[in-house]
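Written out below as structure tokens is the structure these notes cover.
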Amino acid sequence: MKKFGLALGLAALVLGWMSPPALAQKRVALLVGNNAYQNVPVLKTAINDAHALADALAKLNFSVIIAENQSRRAMSEQLLAFDKAIEPGDVALFFFAGHGFEIHGENFLVPTDTPVVGDGQEELLRDAAYPAARIVERLQARGARTTILVLDACRDNPFDRPGGRGLKGAGGLAPMTPAEGVFILFSAGAKQLALDRLSGRDPDPNSVFSRNLIHELQEPGLTLVQIAKRTQIDVKQMAATVGRDQTPAYYDQIIGEIVLNGLANRTATAAPPPVQAAALPSAIAKRPLEPTTSAPITSAPAPSEALAQLEALAAAENWHELGQHLTEVKPTERHDRWNALVEQAALGELTPLAAVSSGSPDERLAAIERYYPAYPSLRGSQKFAALRSTIGLDAFGRCFDDANQGPALQKCRDRLDRFVHTPPMSAKLASDAGTLVVHKLNHGNAAPFFAMAFEAPHGEIVCTAPELATAVIAGLDWPGDALEAKSALMLADRCWASLQTEIVAEVARETQDSYYAQNSCPILMKHNAATALRAAHCRAPAR
């Protein structure tokens with residue numbers, strides 16, 4: 001889902017002022033995900049984003065309703081019912097994932113039945129879509145004490161058409177100035193394009209913005225501004241790993257500070273309100289205020305002086321200095337907050353290395369090793385793993401380029417082997433390492449690296465690697481007791497469906513006494529792929 005990133009606002013996610021709230025309030029949310037557009041490109045992850053955010057908000061004591069694939073009329077009915085569910089003092093959250101568009105500085109949300117709009121027909125879009133600012137006004141008019149409007153909308157131009165006949169516009173949304181009591185968060189900066197996925201193979205079902213926002217909502221004790229800034233860092237660093245520039249922007253008009261998730265400080269936890277999947281506006285029901293006075297939401301415990309100093313460095317984005325002082329925190333205080341600072345330091349310092357190929361291979365690898373495996377908590381960070389892979393493979397590529405003799409090449413190869421085997425093993429990293437070796441070293445040498453993928457979860461992804469057949473065919477042409485041949489034979493068996501054509505075709509080109517002909521016999525016989533003559537030769541005793 002290429003997202004126009006309108007992620008307009010968290011206007012005061014709940015939850016709890018630093019001082020006790022003066023007004024009773026309940027928390028209600030309407031989440032809209034539009035995938036099935038009729039006249040503009042369909043999307044894939046908008047509904048996933050709505051459901052994932054619903055799960056996170058339910059844990060924060062929101063009454064949540066999900067509306068999927070909303071036409072303009074259906075969305076009007078949902079908004080009307082949502083209006084009626086809001087009472088003075090409430091927290092109201094509206095989330096939209098789908099297409100969005102900007103016309104003359106005004107941002108619009110696009111329902112699924114919006115018609116095709118061409119150049120000079122902007123008024124048709126104005127009439128068919130929803131002004132984002134108007135939704136904020138509606139929620140405030142109902143007396144909501146805080147307004148939450150999170151809009152993660154596609155940021156390309158959904159009305160672009162071949163031949164230049166579509167509605168003009170490069171994509172992106174205009175900045176918005178919120179009224180008091182509103183906090184606006186965009187999934188990308190004004191006029192930036194937001195990423196739906198990092199690549200075609202990205203397994204995450206949510207947009208780059210939504211997945212990171214949801215992750216930060218799960219962290220207890222963070223203020224609204226802290227969530228926004230951490231989401232900025234997360235998204236910017238993740239986008240940089242694929243050479244894109246995406247920095248969420250936020251605009252704060254909340255008086256005071258708000259802690260979004262105080263669950264860790266509650267003495268008792270009630271079951272979260274149910275998440276409803278709704279198509280009819282009547283499904284949004286007013287809920288009575290759930291008692292929270294016995295367990296007020298408070299700020300997180302004060303950090304030690306050393307931890308406070310680290311957080312100040314993080315706030316100033318002094319990543320290198322932050323990394324140098326991480327160990328000054330006592331081991332007994334190295335809990336979740338410290339682990340989060342470790343990740344911020346690592347991502348902040350390494351992200352520029354992923355974007356710019358500078359420094360020697362040893363310097364680039366040393367930069368990685370300052371953080372991992374030195375800090376084991378990073379093994380669970382997907383963002384760090386992606387950076388480590390990008391920077392490391394670039395370093396090893398240059399290591400192979402710089403090596404001009406056998407011992408130096410072998411040293412690079414052995415170090416790459418250790419790099420890939422550093423836990424937790426990654427099938428993708430092993431596959432990418434195999435591809436690197438195909439191009440930089442030797443086709444046959446690549447087979448053991450591709451084979452490493454099966455030592456990790458989801459190893460079967462290696463079977464789709466474009467260079468796999470080249471490595472397997474070359475590896476089978478090594479002596480049968482060589483690691484290259486053994487690895488190639490295992491890959492031929494595990495990935496037979498994708499390699500069968502190439503393996504059988506190569507048999508016809510080989511002489512009968514070649515290593516390839518001998519090594520391929522077991523796999524050909526196992527899969528009944530040998531001709532009668534070839535099968536006879538395979539059964540004949542070795543001479």
Side-chain angles (χ1 to χ4, degrees), residues 5-19 21-23 25-32 49 53 56-57 60-62 64 82 86 88-97 100 107 109 131-153 173-190 192 194 209-210 212-236 246-262 297 299-300 315:
L6 238 205
L8 283 178
L10 255 101
L13 256 179
V14 192
L15 295 194
W17 298 88
M18 291 298 192
S19 58
L23 296 174
Q25 58 182 252
K26 65 179 183 296
R27 303 163 188 165
V28 292
L30 171 60
L31 313 181
V32 178
D49 293 337
L53 183 61
L57 292 177
L60 299 181
N61 209 29
F62 275 88
V64 179
F82 189 45
I86 299 168
D90 285 352
V91 172
L93 184 150
F94 176 83
F95 173 81
F96 178 85
N107 297 318
L109 312 181
R134 175 57 184 151
I135 294 177
V136 176
E137 293 170 2
R138 289 175 64 155
L139 301 184
Q140 289 198 301
R142 296 294 301 175
R145 184 185 183 189
T146 55
T147 300
I148 304 164
L149 191 64
V150 182
L151 303 176
D152 190 4
L173 294 164
M176 295 180 67
T177 303
E180 184 175 320
V182 179
F183 187 98
I184 295 180
L185 176 65
F186 283 68
S187 61
Q192 282 185 337
F209 170 78
S210 288
N212 283 291
L213 174 62
I214 291 164
H215 172 75
E216 299 303 343
L217 286 173
Q218 295 168 351
E219 292 291 327
L222 297 180
T223 66
L224 178 59
V225 171
Q226 286 175 318
I227 283 184
K229 292 190 72 66
R230 288 173 64 148
T231 301
Q232 273 187 331
I233 294 169
D234 293 343
V235 173
K236 182 178 180 64
Q246 179 182 346
T247 306
Y250 71 92
Y251 306 88
D252 182 12
Q253 287 297 326
I254 299 295
I255 306 301
E257 292 183 326
I258 296 176
V259 174
L260 307 184
N261 183 349
I297 297 172
S299 58

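- Using a 4.5 Å heavy-atom threshold, the side chains of Leu93 and Leu31 count as touching.
- The shortest non-hydrogen separation linking Gln246 to Ser187 is NE2-O, 2.8 Å.
- A side-chain contact (heavy atoms from CB on, under 4.5 Å) with Leu213 is found for exactly one of Asp152, Asp49, Asp234, Thr231, namely Thr231.
- Test Thr146, Leu139, Asn61 against Val91 for side-chain contact (heavy atoms from CB on, under 4.5 Å) and you get one pass: Thr146.
- Considering only heavy atoms from C-beta on, Arg142 stays 4.5 Å or farther from Phe82 through its side chain.
- Within the 3.5 Å criterion, the main-chain N or O of Gln253 finds no donor-acceptor partner in the side chain of Glu180.
- Counting heavy atoms from C-beta outward, Ile227 and Phe183 have side chains that stay 4.5 Å or more apart.
- The shortest distance between side-chain heavy atoms of Val32 and Phe94 falls below 4.5 Å.
- Put simply, CZ on Phe96 and CG on Leu30 are 11.0 Å apart, with the number rounded to the nearest 0.5 Å.
- From Ile184, atom CD1 reaches atom OH of Tyr250 across 13.5 Å, with rounding to the nearest 0.5 Å.
- Residues Phe95 and Ala97 share a closest heavy-atom pair of CE2-CB, 3.7 Å.
- The side-chain contact (heavy atoms from CB on, under 4.5 Å) with Val64 is formed by just one residue from the set Leu57, Leu53, Val28; it is Leu57.
- Side chain of Gln226 to backbone of Glu216: no donor-acceptor contact under 3.5 angstrom is found.
- Here the side chains of Asn261 and Leu60 are in contact, with some heavy-atom distance below 4.5 Å.
- Formation of a donor-acceptor pair under 3.5 Å by the Asp90 side chain with backbone atoms of Ala144 is not found in this model.
- Taken from CG in Leu222 to CZ in Arg230, the straight-line distance is 4.5 Å, to the nearest 0.5 Å.
- Residues Ile135 and Leu109 meet the side-chain proximity criterion, which asks for heavy atoms closer than 4.5 Å.
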